[in-house]
2 protein chains.
Amino acid sequence: MDVRTICLGILSRTQATGYEIKKLFDEDGYDHFVEASLGSIYPALGKLTEEGLVSMREEAQEKRPDRKVYTITPAGRRAFVASLLKPLPEDRYRSPFMFAMLFADLLPKDRVSQMLDDYIAHIDHKLAHLERVEGNAQSKGEHFATGMGRAAFTAILDFLHTHRVDIEAEDVKAAE
Amino acid sequence: MDVRTICLGILSRTQATGYEIKKLFDEDGYDHFVEASLGSIYPALGKLTEEGLVSMREEAQEKRPDRKVYTITPAGRRAFVASLLKPLPEDRYRSPFMFAMLFADLLPKDRVSQMLDDYIAHIDHKLAHLERVEGNAQSKGEHFATGMGRAAFTAILDFLHTHRVDIEAEDVKAAE
DNA sequence: GTTTGCATGTAAACGGTTACATGATTGG
DNA sequence: CCAATCATGTAACCGTTTACATGCAAAC
């Protein structure tokens, strides 16, 4: 899902500045399955404006750059819905952690333990974040997405807690 | 995790040609959390050879291009382990499906059902693949990785089956 | 007779991140 | 005093994908 489409999606819910869109990503739970940096959001908004899919209104501010508030246009809504009617790109999951676990036997035992600790802490943190935003979910979709995220994270944590011993165990060379 | 490191990892287990490395990705369960195309593998192998991290031996073949079999060097092994001792990059999960679910209320009901059907079929397929490779897992790490993948996919499928009704339900406008 | 598998490689295009550039305000 | 927040934007860089280029053999 490209930054263009993500911006349209957010703007279909609320008008916002580029900066605010970025914040919605990070804070409102979107960041579990999409992401974008400001360096890609600003150019995307510029292009969407050119194409008439969003409109922009400048709000002057004292001692700050003008806020540029973007609003989705009817054409923008149509384009957004159209993009969701097309076949969706596949999910992509890249996990350096899982990759590293494949080679646990090459690593010192405490490095493996440390990786597990870090990863568990990280998932814990994500799960906590998810549960925090779950409360203020607005739409059916948000409930569904946070629920599914929670299901997945919980299962992963369960697995890690019960199976970390397997990978932390010393390699026992078969006695001859 | 960049293609370089992934190639080194695979070559730490077995020598292989670029073509074979690609196949190992797709067939041996690696593709659930790492991926790379031939267009990135060949240049990566060339560079690793230059740097002395892998060595290359050409095997002439009749009526086919020479096979170039790559073997990791001691320096390559050291570099690979060193890369796993450094802090790992974060996992990244990009899900156009989850993103689309956030906007289910904007879509026709049967498009949502179709997305769910497609996605469930897709996860089913991945899970079956994982269970197929789980049998011939060689190392502790492979067992761990396939086990964790299975745990996550199973939880997601469970969730989808029990909660799809929530998102497929008609939006009932509150009676006034 | 067409697709799939084997086997290599290059180059253009793409989409994105990171760093740079600027600068006042507020909270710790 | 320093870090974070607000607020925009550009440009260089990066890694990767996709398409192109080549071509035979086996399977369907």
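Just so you know, these numbers come straight off a predicted model, no measurement behind them.
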Subject >> Aromatic ring proximity, centroids under 6.0 angstrom, H32(A) and H129(A) >> reply: yes
**OP:** For I41(A) and dG15(C), give me the distance from atom CD1 to atom C1', rounded to whole Å.
**Re:** 14 Å
Original post:
Could you state the CG-P distance from L48(B) to dG15(D), rounded to the nearest angstrom?
Top reply: 13 Å
Original post:
Does K23(A) place a side-chain N or O at less than 4.0 Å from the phosphate oxygens OP1/OP2 of dA7(D)?
Top reply: no
Original post:
Is the phosphate of dG15(C), meaning OP1 or OP2, less than 4.0 Å from a side-chain N or O of S40(A)?
Top reply: no
Original post:
The side chain of Y19(B) lies closest to which of these nucleotides: dT10(D), dC6(C), dC6(D)?
Top reply: dC6(C)
**OP:** Give the rounded distance in Å between these two atoms: CZ of R94(A) and C1' of dG15(C).
**Re:** 15 Å
Original post:
Which residue, S37(A) or Y70(B), contacts DNA chain C at a nucleotide closer to its 5' end, judged by nearest heavy atom?
Top reply: Y70(B)
Original post:
To the side chain of V3(A), which of dT18(D), dC6(D), dG16(C) is closest?
Top reply: dG16(C)
Subject >> Atom pair distance, as rounded to whole Å: CZ in R92(A) and P in dG15(C) >> reply: 12 Å
Subject >> Distance in angstrom units between R67(B) CZ and dC6(C) C1', rounded >> reply: 10 Å
**OP:** Send over the distance from K47(B) NZ to dC14(D) P, rounded to a whole Å.
**Re:** 10 Å
Original post:
Rounded to the nearest Å, what distance is computed from the CG atom of residue L38(B) to the P atom of nucleotide dG9(C)?
Top reply: 11 Å
Original post:
Between dA7(C), dT10(C), dC6(D), which nucleotide has the shortest distance from any of its atoms to the side chain of P43(B)?
Top reply: dT10(C)
Subject >> F97(B)/Y119(B) under ring pair (Phe, Tyr, Trp, His ring centres under 6.0 Å): CA gap, chis, key distance, verdict >> reply: CA-CA 8 Å; F97(B) 168 73; Y119(B) 194 71; 3.7 Å; yes
Subject >> Rounded distance (nearest 0.5 Å) linking atom CG of D28(A) with atom CD of E142(A) >> reply: 7.0 Å
Subject >> Residue K68(A), side-chain atoms from C-beta onward, closest of dT18(C), dT8(C), dG9(D) >> reply: dG9(D)
Subject >> Rounded interatomic separation in angstrom, taking CD from E59(B) and P from dT8(C) >> reply: 10 Å
**OP:** Measure from the side-chain heavy atoms of Y42(A) and tell me the nearest of dC6(D), dT10(D), dG9(C).
**Re:** dT10(D)
**OP:** Supply the atom-to-atom distance T73(B) OG1 to L11(B) CG, rounded to the nearest 0.5 angstrom.
**Re:** 10.0 Å
Original post:
Counting any heavy atom closer than 4.0 Å, what does K22(A) reach on the DNA or RNA strands: base, sugar-phosphate only, or nothing?
Top reply: nothing
Original post:
Just how far is it from atom OH of Y70(B) to atom CD1 of I41(B), taken to the nearest 0.5 Å?
Top reply: 11.0 Å
Original post:
Of all the choices, dA7(D), dG9(C), dT17(C), which nucleotide is nearest to the side chain of E20(A) once you look at every atom?
Top reply: dA7(D)
**OP:** Check whether any side-chain N or O of T17(B) sits under 4.0 Å from OP1 or OP2 of dT8(C), and answer yes or no.
**Re:** yes
**OP:** Report which part of the nucleic acid G46(B) touches: base, sugar-phosphate, or nothing (heavy-atom distance under 4.0 Å, all strands).
**Re:** nothing
